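The block underneath contains the structure these notes are about, expressed in structure tokens.
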Amino acid sequence: MATTPATAPSATASTPTVVTRFAPSPSGHLHVGGARSALFCWAFARQHGGRMIVRIEDTDQKRSSDAASIGFLADLSWLGINWDEGPVHEGTGGGPHGPYFQSERLDIYNRCLQQLIDSGHAYYAFETPEELDTKRKAALAEKRAYRYDRAALLLSADQVAAKLAANMPAVVRFKCPGHAVTIHDQVLGDATIPAEEIDDFVIRKADGFPTYHFAVVVDDEFMQVTHVMRAQEHFTNTAKHMLLQDALGFRRPTYAHMSIICNPDGSKMSKRDKDKALRAAVKAKSTAQPQALSAAPIGPDGHPAVAQADWDRWLADKNVQLDFGSAARLAAALGVVLPEINVDDFRRSGYLPEVLCNFIALNGWSPGNDIEKFDNAFLAQHLRLERIQKTAAKFDRVKLLSFNTDAITGMPRESFIARARAHGEQFHAEFMRALPSGAFDRLAAASHERSKTLEDMFAGNAWAVASDDSPSITPDAKTIDKVLRKADPATGLSGLAHLENIAALLRSVPADQWTPEGLEPIITAYANEKAGWQMGKVAQPLRVALTGGTISPPIFDTLCTLPRERTLARLARVIEAAAGAAATAAAAGPTATA
RNA sequence: GGCCCCGUCGUCUAGCCUGGUCUAGGACACCUCCCUUUCACGGAGGUAACACGGGUUCGACUCCCGUCGGGGUCACCA
């Protein structure tokens with residue numbers, strides 16, 4: 001380096017600061033593939049003490065670009081991915097290389113564009129999209145790859161000027177130099193794209209906006225990006241970007257293309273997968289009853305799951321996507337489970353952000369040495385571009401769930417309670433309102449070790465916030481028969497008999513002794529004496545009476561979640577109902593009880 | 001279809017660059033058993049892969065070629 005001329009930029013610190021960038025198109029939600037790209041960009045920048053930029057690629061005017069369209073910034077924050085430059089969000093963002101919305105950088109693109117035109121590297125073309133489409137289809141029919149025929153190059157300068165003066169719609173195309181391009185990629189290695197594969201692509205659309213290829217190259221240069229890390233779907237595009245860099249006299253950033261994340265069936269994971277699942281279910285239903293298509297199925301609230309207008313539009317066009325609420329209601333009405341695709345879906349489902357990051361990173365990278373559990377700091381420390389997986393990974397939700405379970409059961413109790421409460425406040429306001437804070441903490445503590453997600457705490461404990469006469473906590477006939485009516489051959493006692501005995505015992509327990517610790521000796525003693533030391537014979541009837549089902553936290557906690565009076569009331573209600581049913585059955589004749 | 005990339009248990013992956021220590025390791029899932037007041041957790045054990053065919057070599061999961069398979073890309077989308 002001693003021989004470096006004085007004019008070269010900073011000789012000793014010849015390694016420029018690492019700058020990565022996450023450059024999504026505007027969207028309300030971040031999907032897992034994007035999340036991984038962002039995570040790796042973040043980790044690499046942090047590892048090298050560099051900067052990470054978030055840039056919004058909103059050069060497609062057909063897509064909305066209002067504030068809601070960058071809702072994914074909240075997802076990024078939730079995952080713990082912060083950026084040094086980019087849109088301002090919760091205290092981060094801004095920076096000296098803005099604006100960070102491409103739609104606000106038109107003058108920069110136009111300057112570069114003019115440079116390209118002046119130097120003969122780009123030219124105007126006047127074909128309409130329809131004309132091009134026809135030619136493309138013809139080529140396809142002949143099983144030939146379509147390439148732009150450079151017809152516009154035959155136009156004289158005067159002709160071009162005249163068309164432009166007449167305000168004829170025009171695009172600008174890049175004039176490819178006609179040589180093959182070799183991409184050097186940190187994960188994929190070298191790949192050479194033949195010259196014939198790259199035609200004179202459009203760099204500015206008729207509406208004056210740059211195309212993606214052009215904007216990316218210009219922005220990466222002006223924002224001093226050193227490492228381009230993105231999904232493999234962009235790999236072949238890189239050749240175009242390199243040609244553009246050469247023509248513009250730009251640096252060449254380092255490239256690293258990571259594998260795609262797929263569904264279990266091998267198809268590319270996509271935001272449309274939810275609608276796909278819904279369409280499949282609707283189709284199955286309409287095959288059985290064709291009239292089902294005329295309106296959306298009735299949702300859980302008794303109203304059509306989807307508004308008629310939306311329903312019609314959705315049915316008519318496979319590209320139309322349902323909004324979150326409609327999709328969720330329709331899924332409930334059809335009894336299908338929507339696949340989680342977006343980061344926010346996983347958040348709602350009760351996954352921990354650190355687990356999602358860990359798992360996403362593991363789909364496509366591993367540190368070796370059989371290590372698979374790690375946090376973002378570890379990733380930032382150990383990520384090596386060369387170790388990024390070349391092959392596409394199928395996203396295994398079952399394994400994700402297992403990771404989440406481990407993280408939840410492994411955290412301190414207080415942490416779980418706090419996290420569960422935060423999740424509840426965000427997604428289960430009614431649940432939180434129905435349960436006093438102290439009761440919530442006790443229930444959460446009792447539910448900790450059996451929660452695989454934060455959501456389980458709420459889905460599994462709905463009985464705790466139901467009213468005491470709610471149908472949702474009324475045991476069904478099968479359960480009553482099995483748990484309450486059937487007599488234990490060993491003792492001759494039915495569940496109902498135990499229930500009645502326990503209820504009597506419990507009624508004599510004073511309020512200040514109404515705690516899991518206070519109740520346990522009483523019930524244990526009873527079980528030992530009357531149920532042949534089998535707690536299950538006593539616990540299950542109690543559980544059924546209190547929750548309507550056979551699954552709940554440990555029985556003493558379940559007993560103490562509700563106030564004493566309400567617990568007693570639930571017991572009485574079921575005893576009465578079961579006893580009444582038994583009496584009716586007995587009156588109906590001996591066959592009914594056999 | 002052209003071009004580019006990829007190919008280890010069902011899945012995520014270790015090993016491959018620097019051939020022998022690989023009778024291929026871990027994790028999730030699955031199966032069996034144990035524990036247990038439900039559900040879950042936990043504990044012990046087990047089934048399970050180098051896509052195929054040629055080379056090179058004393059020796060190939062590891063290097064080379066071909067076949068097959070998968071993915072990506074060929075837009076005035078990004």
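Chain letters run A, B, ... following the sequence lines, proteins first, then strands; residues in each count from 1. Side chains included, hydrogens not; waters and symmetry mates left out as well; all remaining heavy atoms used. Keep in mind the model is a prediction, meaning the values are calculated, not measured.
Whole-Å rounding puts the Lys394(A) NZ to C9(B) C1' distance at 13 Å. Atoms CD1 (Ile261(A)) and P (U13(B)) sit 9 Å apart, rounded to a whole Å. Following rounding to the nearest Å, Asn461(A) (CG) and C39(B) (C1') show an atom-to-atom distance of 11 Å. Rounding to whole angstrom units, CG of residue Asp190(A) and C1' of C6(B) are separated by 16 Å. A straight line from CG of Leu546(A) to C1' of U37(B) spans 13 Å, rounded to a whole angstrom. Taking atom CD1 of residue Ile555(A) and atom P of nucleotide U36(B), one finds them 18 Å apart after rounding to whole Å. Between Asp557(A) atom CG and C39(B) atom P there is a gap of 17 Å when expressed in whole angstrom units.
Contacts of Thr405(A) with the nucleic acid, taken as non-hydrogen atoms under 4.0 Å apart, are absent. Contact annotation for Gly460(A): no contact, since no heavy-atom pair falls under 4.0 Å across all strands. If you check every strand for non-hydrogen atoms under 4.0 Å, Leu362(A) touches sugar and phosphate atoms only. Using a 4.0 Å heavy-atom cutoff across all strands shown, Ser366(A) reaches sugar-phosphate atoms only and no base atom. Counting any heavy atom pair closer than 4.0 Å across all strands shown, Phe201(A) reaches no nucleic acid atom.
Pairing of U21(B), defined by two Watson-Crick or G-U wobble distances under 3.5 Å, is not identified with any nucleotide. Both distances falling under 3.5 Å, in either a Watson-Crick or a G-U wobble arrangement, place C30(B) opposite G46(B). For G7(B), the paired base is C68(B) (Watson-Crick or G-U wobble, both distances below 3.5 Å).
Between His234(A) and Tyr212(A), the distance from one ring center to the other falls under 6.0 angstrom. Between Trp83(A) and Tyr100(A), the ring center distance fails the sub-6.0 Å criterion.
Test Thr211(A), Val216(A), Val217(A) against Phe214(A) for side-chain contact (heavy atoms from CB on, under 4.5 Å) and you get one pass: Thr211(A). Tested against Arg230(A), the residues Asn237(A), Thr20(A), Thr238(A) include a single side-chain hydrogen bond (donor to acceptor under 3.5 Å, both in side chains) partner, Thr238(A). With Arg252(A) as reference, Gln245(A) is the one residue of Gln245(A), His184(A), Glu221(A) to meet the side-chain hydrogen bond (donor to acceptor under 3.5 Å, both in side chains) rule. Put simply, the residue from Thr561(A), Ile417(A), Val465(A) that forms a side-chain contact (heavy atoms from CB on, under 4.5 Å) with Leu443(A) is Thr561(A).
For the atom pair SG of Cys176(A) and NE2 of His121(A), the computed distance is 11.5 Å after rounding to the nearest 0.5 Å. Ile341(A) contributes atom CD1, which lies 12.5 Å from atom CG of Leu30(A) (distance to the nearest 0.5 angstrom). In this structure, CD1 in Ile183(A) is found 6.5 Å from CE in Met242(A), a value given to the nearest 0.5 Å. Note: His257(A) NE2 to Gln232(A) CD = 8.0 Å, rounded to the nearest 0.5 Å. Here CG of Asp58(A) is found 12.5 Å from OG of Ser27(A). Values are rounded to the nearest 0.5 Å.
With a glycosidic angle no further than 90° from 0, C41(B) counts as syn.
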> Quick one: what's the B/S/- string for nucleotides 70-78 of chain B, heavy-atom cutoff under 4.0 Å, read 5' to 3'?
Replying inline: -SBSSSBBB
> Using a cut-off of 4.0 Å between protein heavy atoms and nucleotide atoms, how would you tag nucleotides 15-28 of chain B 5' to 3' with B, S and -?
Replying inline: S---------BBBS
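Screening residues 521-533 of chain A for side-chain hydrogen bond (donor to acceptor under 3.5 Å, both in side chains), with sequence neighbours left out, gives His498(A)-Tyr526(A), Asn501(A)-Tyr526(A). Within the structure, salt bridge (Lys or Arg N to Asp or Glu O under 4.0 Å) pairs that include any residue of residues 354-376 of chain A comprise Glu354(A)-Arg419(A), Glu372(A)-Lys399(A), Lys373(A)-Asp406(A) (at least two apart or interchain).
Ring orientation note: the planes of His213(A) and His241(A) are tilted relative to one another, at an angle of 30° to 60°. In this pair, Phe359(A) and Phe395(A) present their aromatic rings perpendicular. The plane angle is above 60°, beyond the 30 to 60° band.
Within residues 446-458 of chain A, the residues having any heavy atom under 4.0 Å from RNA chain B are, by residue number, Arg450(A), Lys452(A). Taking a 4.0 Å limit (strictly below) on heavy-atom distances, residues 519-542 of chain A reaches RNA chain B at Met535(A), Gly536(A), Ala539(A), Gln540(A).
To the nearest whole angstrom, the two P atoms, one in U21(B) and one in U38(B), are 49 Å apart.
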